[in-house]
Amino acid sequence: MDREAYVEAVLRIVEAVPPGRVTTYGVIADSVGVGGPRQVGQVMANYGGPVPWWRVVRSDGSLPDTHQRSARHHYLDEGTPLRGGVRAVLRVDLTTALWTPAAGRTGDVGGV
DNA sequence: GGGTTGACCAATG
DNA sequence: TCATTGGCCAACC
């Protein structure tokens, strides 16, 4: 798979994440079926501009140290269930907010 | 061909 | 709950 094709596959999943929900790099990597979580991260770093990157979090619900503050505004705006609070690093309640590509396409196969 | 880097993950103390 | 360690995959120099 070309790099661009991989990028498109990743971005398509990120754009498919509904507001108020989040998904993880691992889930995306697993859904794409190619490469690993780190490749997803690199794609986001280079091409994640035009997509809701704040809906993509790490496996523990935290965000990249570089964008946590920016993402907080989006979470408050979308009503994403947060956890912890001002206590520590901004974190998302994955127990409630976790979304997976498979759960999103209910009956909509989309195709490839 | 080899070493370094990165928006990572899971296990352990 | 937080910090550390090892493993992971691909791109870049």
Side-chain angles (χ1 to χ4, degrees):
Chain A
M1 180 183 289
D2 294 336
R3 247 173 13 89
E4 289 188 27
Y6 184 75
V7 170
E8 282 188 40
V10 172
L11 294 185
R12 182 167 57 196
I13 294 174
V14 176
E15 289 183 344
V17 179
R21 297 291 172 94
V22 297
T23 191
T24 69
Y25 294 95
V27 170
I28 294 176
D30 185 52
S31 179
V32 175
V34 181
R38 307 191 66 144
Q39 274 44 260
V40 178
Q42 286 223 317
V43 170
M44 294 300 288
N46 291 286
Y47 302 89
V51 301
W53 50 263
W54 58 90
R55 293 180 193 154
V56 184
V57 301
R58 300 207 302 220
S59 62
D60 49 358
S62 59
L63 254 74
D65 307 352
T66 50
H67 290 97
Q68 282 183 23
R69 193 171 66 173
S70 304
R72 183 176 61 181
H73 173 75
H74 291 289
Y75 289 145
L76 295 176
D77 186 48
E78 296 182 353
T80 306
L82 298 178
R83 218 184 103 174
V86 293
R87 175 69 176 210
V89 184
L90 178 66
R91 206 184 326 167
V92 178
D93 183 6
L94 290 180
T95 308
T96 305
L98 181 60
W99 176 92
T100 61
R105 44 188 175 84
T106 52
D108 163 57
V109 284
V112 181

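Residue numbers start from 1 in every chain, and the chains themselves are labelled A, B, ... in the order their sequence lines are given, proteins ahead of strands.
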What is the separation between atom [atom1] on [X] and atom [atom2] on [N], rounded to the nearest whole Å?
X: A:Y25; N: C:dA10; atom1: OH; atom2: P; value: 18 Å
X: A:D60; N: C:dT4; atom1: CG; atom2: P; value: 15 Å
X: A:E4; N: C:dA10; atom1: CD; atom2: P; value: 18 Å
X: A:D30; N: C:dC9; atom1: CG; atom2: C1'; value: 14 Å
X: A:L63; N: B:dA7; atom1: CG; atom2: C1'; value: 8 Å
X: A:M44; N: C:dA11; atom1: CE; atom2: P; value: 17 Å

Of the nucleotides B:dG6, B:dC9, C:dC2, which has the atom closest to the A:P37 side chain?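 The listed nucleotide nearest to A:P37's side chain is B:dC9.
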Between C:dT1, B:dG6, B:dA7, spot the one nearest the side chain of A:Q42, thanks.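 My answer, after comparing the listed nucleotides, is B:dG6.
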Does any N or O in the side chain of A:Y6 come within less than 3.5 Å of the main-chain N or O of A:V34, such that one atom is a donor and the other an acceptor?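 Pair found, side chain donor or acceptor close to backbone of A:V34.
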Rounded to the nearest 0.5 Å, what separates atom CD in A:Q68 from atom CZ in A:R72?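 Answer for the CD-CZ pair, A:Q68 versus A:R72, is 10.0 Å.
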Between OG1 of A:T100 and CD1 of A:I28, what distance do you get to the nearest 0.5 Å?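 Taking OG1 in A:T100 and CD1 in A:I28, the distance rounds to 11.0 Å.
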On a whole-Å scale, what distance lies between the P atoms belonging to C:dG6 and B:dA7?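 Those two atoms are separated by 22 Å.
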Identify, between A:Q39 and A:V27, the residue whose nearest nucleotide on DNA chain B lies closer to the 5' end.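 Looking at the nearest nucleotide for each, A:Q39 comes out on the 5' side.
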Show which side-chain atoms of residues 45-59 of chain A pair as donor or acceptor with protein atoms under 3.5 Å away, not counting sequence neighbours.
| residue | atom | partner | partner atom | Å |
| --- | --- | --- | --- | --- |
| A:N46 | ND2 | A:Q42 | O | 2.8 |
| A:W54 | NE1 | A:E78 | OE2 | 3.2 |
| A:R55 | NE | A:E78 | OE1 | 3.3 |
| A:R55 | NE | A:E78 | OE2 | 3.4 |
| A:R55 | NH1 | A:V17 | O | 2.8 |
| A:R55 | NH2 | A:E78 | OE2 | 2.7 |

side-chain N/O [X] vs [N] OP1/OP2, d < 4.0 Å:
X: A:R3; N: C:dC9; result: no
X: A:R91; N: C:dC2; result: yes
X: A:T24; N: B:dC8; result: no

Would you state whether a donor and an acceptor, one from the side chain of A:R38 and one from the base of C:dC8, lie under 3.5 Å apart?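 By the distance-only test, yes, there is a pair.
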Option passing side chain to side chain contact (heavy atoms under 4.5 Å, CB included) with A:V92 (candidates A:T24, A:L82, A:D60, A:L98):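 When side chain to side chain contact (heavy atoms under 4.5 Å, CB included) is applied between A:V92 and each of A:T24, A:L82, A:D60, A:L98, only A:L82 qualifies.
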